[in-house]
Amino acid sequence: MSECGSCASCSFSIGDKAKEYRNGDGKPAVKCTLCGKEVTFDKLPGNRRVTCPECGTRIEVIPLLLN
């Protein structure tokens, strides 16, 4: 998904940041800043962004070691 800012989906998500944590299963996760759904990932992407599967919000992850 392109973050051009021309639609509601992009403009709401630009600049959204969330702190990484370990969930009950020990997986790295963040809470979506828009809908609150837990977003898990196996390995943090190089750009430190994950996408919420529920609402499509792009979230910049603040790595566990930095928060």
Side-chain angles (χ1 to χ4, degrees):
M1 177 161 86
S2 162
E3 292 182 358
C4 65
S6 65
C7 66
S9 179
C10 290
S11 63
F12 280 52
S13 64
I14 292 176
D16 288 342
K17 295 180 181 181
K19 292 181 178 182
E20 177 185 356
Y21 63 91
R22 297 289 174 171
N23 69 7
D25 296 329
K27 292 186 110 182
V30 294
K31 287 279 185 190
C32 177
T33 56
L34 185 61
C35 71
K37 180 171 179 64
E38 181 177 77
V39 180
T40 60
F41 47 94
D42 291 322
K43 183 178 177 184
L44 187 61
N47 65 2
R48 294 187 357 210
R49 293 190 181 272
V50 295
T51 302
C52 176
E54 188 73 24
C55 68
T57 297
R58 298 280 294 156
I59 306 156
E60 183 178 346
V61 177
I62 299 171
L64 193 59
L65 296 175
L66 297 179
N67 65 57

Mind checking whether Lys37 and Pro53 have side chains closer than 4.5 Å, heavy atoms only?
-> yes
| request: For residues Leu44 and Pro28, determine if any side-chain heavy atom of one lies less than 4.5 Å from a side-chain heavy atom of the other. | output: no
Euclidean distance, [Y] [atom2] relative to [X] [atom1], rounded to 0.5 Å:
X: Glu20; Y: Lys31; atom1: CD; atom2: NZ; value: 14.5 Å
X: Ile59; Y: Arg49; atom1: CD1; atom2: CZ; value: 10.0 Å
X: Phe41; Y: Arg48; atom1: CZ; atom2: CZ; value: 11.0 Å

Donor-acceptor pair, side chain of Asp25 and main chain of Lys27, under 3.5 angstrom: no
TODO: Check the pair Arg58, Asp16 against salt bridge (Lys or Arg N to Asp or Glu O under 4.0 Å), reporting the backbone distance first and the verdict last.
DONE: CA-CA 7 Å; Arg58 298 280 294 156; Asp16 288 342; over 6 Å; no
For Thr57 and Cys55 the tightest heavy-atom approach is OG1-SG, 3.0 Å
